[in-house]
Amino acid sequence: MARGGLHVLEVSNLHSAYGRIGVLKGVSLEVRTGEVVALIGSNGAGKTTLLRALSGVQPISSGEIRFLGARIDRLPPHRRVERGMTQAPEGRQVFGPLSVEDNLRLGAYMRRDGEIEQDRERVFAMFPVLREKRHLVAGGLSGGQQQMLALGRALMGKPKLLLLDEPSLGLSPILVDQILAAIVALKASGITVLLVEQNATAALGIADRGYVLETGRIALTGAAAALLSDPKVKAAYLGAD
Amino acid sequence: MAEFFQFLMSGLTVGAVYALVALGFTLIYNASDVVNFAQGEFVMLGGMVTVFVAAAGVPLPLAALIAVTVAVAVGLLLYWLAIEPARGAPAVTLIIITIGASILLRGAAQMLFDKQFHKLPSFSGDAPINLFGAAVQPQSFWVLGGAAVIVLLLYVFLERTVLGKAVLATAANRLAARLVGINTTTVMALAFGGSAAIGAVAGILITPITLTSYDVGTLLALKGFAAAMLGGMGNPLGAVAGGLLLGLLEAFGAGYLSSTYKDAFAFIVILVVLFAMPQGLFGRRVVERV
């Protein structure tokens, strides 16, 4: 297996549990430079747990995580952010009492360079509504706007790998399209993305490759187009027979 | 009228101390969800260490600085030795740990120092200042001024610095805070150290007026906790308002009604307020997210 330049993320045989209940039972996957990789699966399959384990906020019991060729599975969360892996978590996890601007500034918490201001402008250019509401508290934004803010905040960390957990959850179709377009634009700008979605059609529609997670194990993997036309995937996740 | 101002000033003075203790509660509660019942012991340490270091011949300002340093060290040790190893435990467990720490600190102070009451000299003499007919001790202005400076510093820290915003972010959403790279362990240690410093300063400022001994922390922690609850747990401004209000309630209650029931009077009012407004006067409604 090629290392270094080719792989941003390599996960091998990852196990994680809540108490005695195993949630991840030997997950292996890889994300290559410049890819958008979709991770689909039903509720409770372990998608969110996997992303949290990657970010270091969910303990793992065994397995390996390599990021840019180096082991990171023993590093605390902030060291992983520092190396260039950021996450927009599921469910509008913004800092409610803080302003939109402060939320974005905190996304760059680990950065010491002088380009934080410019990057904030870039986020505002991507989601103009956030610029309009920059001085308002994040808790007062609509669901879609909070989702944009969570995404923008993750981008403020200058990620090499961006982990997105259900960015389209609970959004109107127009907003879903806007978020998906943003992800495509991110890919074009060179950011590698691991996208977790229940909305499999949407995710596979913009992804290069995909993984199907079922009860803590990778059940299926392949090119996004191939998965989209796979009868098993269609039956289980695309709502068609 | 002179009487009114007399009660007002003594109420504000003791209220400022309650406010600082409540602020200490709030800071730790926000960062870690722990209600730290050893908060009063920081106040005790501030007063007692200053008294004993000053008695050893060290100039008062330096003795005060040493006392604050000792309190901060104790606060950090409390976090690293007792709270951090129990991380993930239910909040009740953590609260019981702080009660244990409080008993331990009181016992240690009793052995290390003594069981007597001690006084510090007033910072700028004892000649009362006449204010609208009320005779006000100069030390009262030190207490009020000191409390105001601390509140202002804390405000600037929380609102104007990235580290301060990281503290607020940790309070608002710990998961998201960890995901942006905020080391929440450091933030919690900071909260314990900061609370200890605030408590110690309160103890140093008030000792010339109320005296201090190894066990002053118990009642102060209770009053400070009540003040924090009154203002709305977790709200720094509420803590300050709750503290001042509690001090005023006590002073006016003792002055106009009965000094015997001074403590009871304040607690009754708090019970009534919390019965009517369980979130406290300035508390935000807790909204469960689905």
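Naming convention: chains lettered A, B, ... in sequence-line order (proteins, then strands); numbering from 1 in each chain. Keep in mind the model is a prediction, meaning the values are calculated, not measured. Side-chain atoms are counted along with the backbone in the values below, which use heavy atoms only and exclude waters and symmetry mates.
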Determine whether B:V180 and A:Q87 make a side-chain contact, defined as any pair of heavy atoms from C-beta on separated by less than 4.5 Å. no

Chain A contacts: which residues in residues 156-171 of chain B have a non-hydrogen atom closer than 4.5 Å to it? B:V162, B:L163, B:K165, B:A166, B:L168, B:A169

Could you pull out the closest heavy-atom pair between [X] and [Y], with the gap in Å?
X	Y	answer
B:G181	A:M110	O-SD, 3.1 Å
B:A177	A:F95	N-CE2, 3.5 Å
A:P97	B:A172	CD-CB, 3.4 Å

Counting only heavy atoms not in B:F275, do more than 12 fall under 6.0 Å of its CZ? no

So for atom CZ, which belongs to A:R71, do other residues, nucleotides or ligands contribute more than 12 heavy atoms lying within a distance under 6.0 Å? yes

Evaluate the side-chain contact (heavy atoms from CB on, under 4.5 Å) criterion for residues A:T86 and B:L179: first the C-alpha distance (whole Å), next the side-chain angles of each, then the deciding distance (0.1 Å), finally the verdict. CA-CA 7 Å; A:T86 68; B:L179 287 176; over 6 Å; no

Applying a strict 4.5 Å limit to non-hydrogen atoms, the region of A:L98 in contact with chain B is side chain

Interchain contact, A:R52 with chain B, by part (heavy-atom threshold 4.5 Å): side chain

In Å and rounded to the nearest 0.5 Å, what is the CZ to CZ distance from B:R178 to A:R80? 9.5 Å

In Å and rounded to the nearest 0.5 Å, what is the NE2 to CD1 distance from A:H78 to B:I182? 11.5 Å

